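Worksheet for the structure shown next.
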Amino acid sequence: MVESRGTSLACAVGLLYVWAVFAFGIRTWTKYRAKRWNIDDYTYTAAFIFAIVHAILVVNCIAHGYGRHVEDISEPDLEQIELLHYVGQFLYALSFGLGRISSALFVSIVAQASPLVWPARTVAALSGIWSIASVLCLGFDGNVGKPWTGIVTRPLFFRWLGIESIGMLLELSLFILSTSLILRLQMATSRRLYLVAAFGIRLSLIPIIAARLVYLQPSHNPMPTWSAITPALLTESALSLSIMTGVPAARAHFEHARSVARAE
């Protein structure tokens, strides 16, 4: 019997994205009832779509044998896994980038004429540049005809180290922007702490991404398609959590607090 770890990954992906779809559904229903859809909502929706397609590609990889030892996977299946993995890493970068753009644009919209508008737009632009640069960094390789060939066994740790390190700095920038926006409001300390905590949940992405980098190291990932299940699980955890903790989901809480603060 061929041993496989793909089933556990498939179950985890299913559970994670059930929550992501639920969060997106609540977000969409709230915006539908409010009859208001801004540019940050469009970028959030695009991030969600890319994340869902990424999850579908992962499930397809599992169907072709991802999670088994390389010697237990046929050559056609291995080539298909490599192609799906190659496309999936682009979707990961695009989804994360769009999610960060959405968060930054949200801050710029609610900040209105405050000094935080341009810093927020700058972070949004940097997030877009990060996505494009990540795609280019991961996409170009020696084999122009089939750049995905050998991607499962090819070490990409240092590329991911650079990409994710900058990404974590962007996450910190988003939190600083959100916190600065909250501190500008006149409100009760308890309400301010509640909002900071709500926006700060997204910081939980940083330890997950850091753990992903640890397990992407060649020393922790010696057997491609087998030991790579752990970083794959961390990848799906980060991507789904990015959707679940998107700033637009907290927008109703912030706008309610801002209206209360004005009334006070």
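All values derive from a computational prediction rather than experimental measurement. Counting from 1, the numbers follow the sequence of the chain as shown.
No side-chain donor-acceptor contact under 3.5 Å links Gln89 and His54. In this structure, a donor-acceptor pair under 3.5 Å is present between the side chains of Ser74 and Asp77.
Annotation: the span from Leu116 atom CG to Leu177 atom CG amounts to 6.5 Å, rounded to 0.5 Å. To the nearest 0.5 Å, the span separating CD1 on Ile208 from CG on Leu213 amounts to 12.5 Å. In this structure, CD1 in Ile163 is found 4.0 Å from OG in Ser134, a value given to the nearest 0.5 Å. With values rounded to the nearest 0.5 angstrom, Leu126 atom CG is found 8.0 Å from Ser173 atom OG. Going from atom OH of Tyr17 over to atom CD1 of Ile56 covers 10.0 Å, rounded to the nearest 0.5 Å. Separating the CG atom in Leu9 from the CG atom in Leu16 is a distance of 9.5 Å, to the nearest 0.5 Å.
Counting heavy atoms from C-beta outward, Leu216 and Leu161 have side chains that stay 4.5 Å or more apart. The side-chain heavy atoms of Thr230 and Leu233, taken from C-beta on, include no pair separated by under 4.5 Å. Residues Val107 and Asp40 have side chains not in contact (no heavy-atom distance under 4.5 Å, counting atoms from C-beta outward). By the 4.5 Å heavy-atom criterion applied to side chains, Val58 and Glu236 are counted as neighbours. Annotation: side chain of Phe96 is not in contact with side chain of Ser131 (no heavy-atom distance under 4.5 Å). Contact annotation: the side chain of Phe24 approaches that of Thr45 to within less than 4.5 Å [non-hydrogen atoms, C-beta and beyond].
Listed for the Ser102 side chain is no donor-acceptor partner under 3.5 Å among the backbone atoms of Leu98. A donor-acceptor pair under 3.5 Å is absent between the side-chain atoms of Trp19 and the main chain of Met244, judged by distance alone. Judged purely by atom type and a 3.5 angstrom limit, Gln217 uses its side chain to pair as donor or acceptor with the backbone of Val214. Using a distance-only test at 3.5 Å, with no hydrogens or angles considered, a donor-acceptor pair links the side chain of Ser8 to the main chain of Arg5. Side-chain atoms of Thr43 never come within 3.5 Å of backbone atoms of Ile101 as a donor-acceptor pair (strictly under, hydrogens ignored). The closest donor-acceptor contact from the side chain of Thr179 to the backbone of Ile176 lies at 3.5 Å or more, if one exists at all. Under a 3.5 Å cut-off, the side chain of Ser242 and the backbone N or O of Ala238 do not form any donor-acceptor pair. Although no hydrogens or angles enter the test, the distance criterion places no donor-acceptor pair under 3.5 Å between the side chain of Ser95 and the main chain of Leu91.
Aromatic ring orientation, Tyr42 versus Trp37: perpendicular (interplanar angle above 60°, classes split at 30° and 60°).
Nearest heavy-atom pair, Ser127 versus Gly97, reported as atom, atom and distance to 0.1 Å: CB-O, 3.9 Å. A pairwise comparison of heavy atoms in Ala210 and Met168 identifies N-SD, 4.3 Å as the closest pair. Taking all atoms of both residues into account, the shortest heavy-atom contact from Leu203 to Glu171 is CD2-O, 4.3 Å.
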Show your working on side chain to side chain contact (heavy atoms under 4.5 Å, CB included) between Leu239 and Phe50 and close with a plain yes or no. CA-CA 10 Å; Leu239 202 52; Phe50 281 132; over 6 Å; no

Passes side chain to side chain contact (heavy atoms under 4.5 Å, CB included), Arg202 versus Arg100? Steps please. CA-CA 10 Å; Arg202 190 175 173 92; Arg100 288 165 181 153; 3.7 Å; yes

I'd like to know whether Ile229 forms a side chain to side chain contact (heavy atoms under 4.5 Å, CB included) with Tyr66, so could you lay out the CA-CA distance, the side-chain angles of the two residues, the decisive distance to 0.1 Å, and finally the verdict. CA-CA 8 Å; Ile229 290 297; Tyr66 192 72; 3.8 Å; yes

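No option in Tyr86, Tyr92, Trp160 other than Trp160 meets the side chain to side chain contact (heavy atoms under 4.5 Å, CB included) test with Leu138.
Counting non-hydrogen atoms of neighbouring residues, nucleotides and ligands closer than 6.0 angstrom, the CD1 atom of Ile39 reaches no more than 12 such neighbours. Within a 6.0 Å sphere centred on CH2 of Trp118, other residues, nucleotides and ligands contribute 12 heavy atoms or fewer. Counting non-hydrogen atoms of neighbouring residues, nucleotides and ligands closer than 6.0 angstrom, the CD atom of Glu71 exceeds 12 such neighbours. The number of heavy-atom neighbours closer than 6.0 Å to CZ of Phe175, taken from other residues, nucleotides and ligands shown, is above 12.
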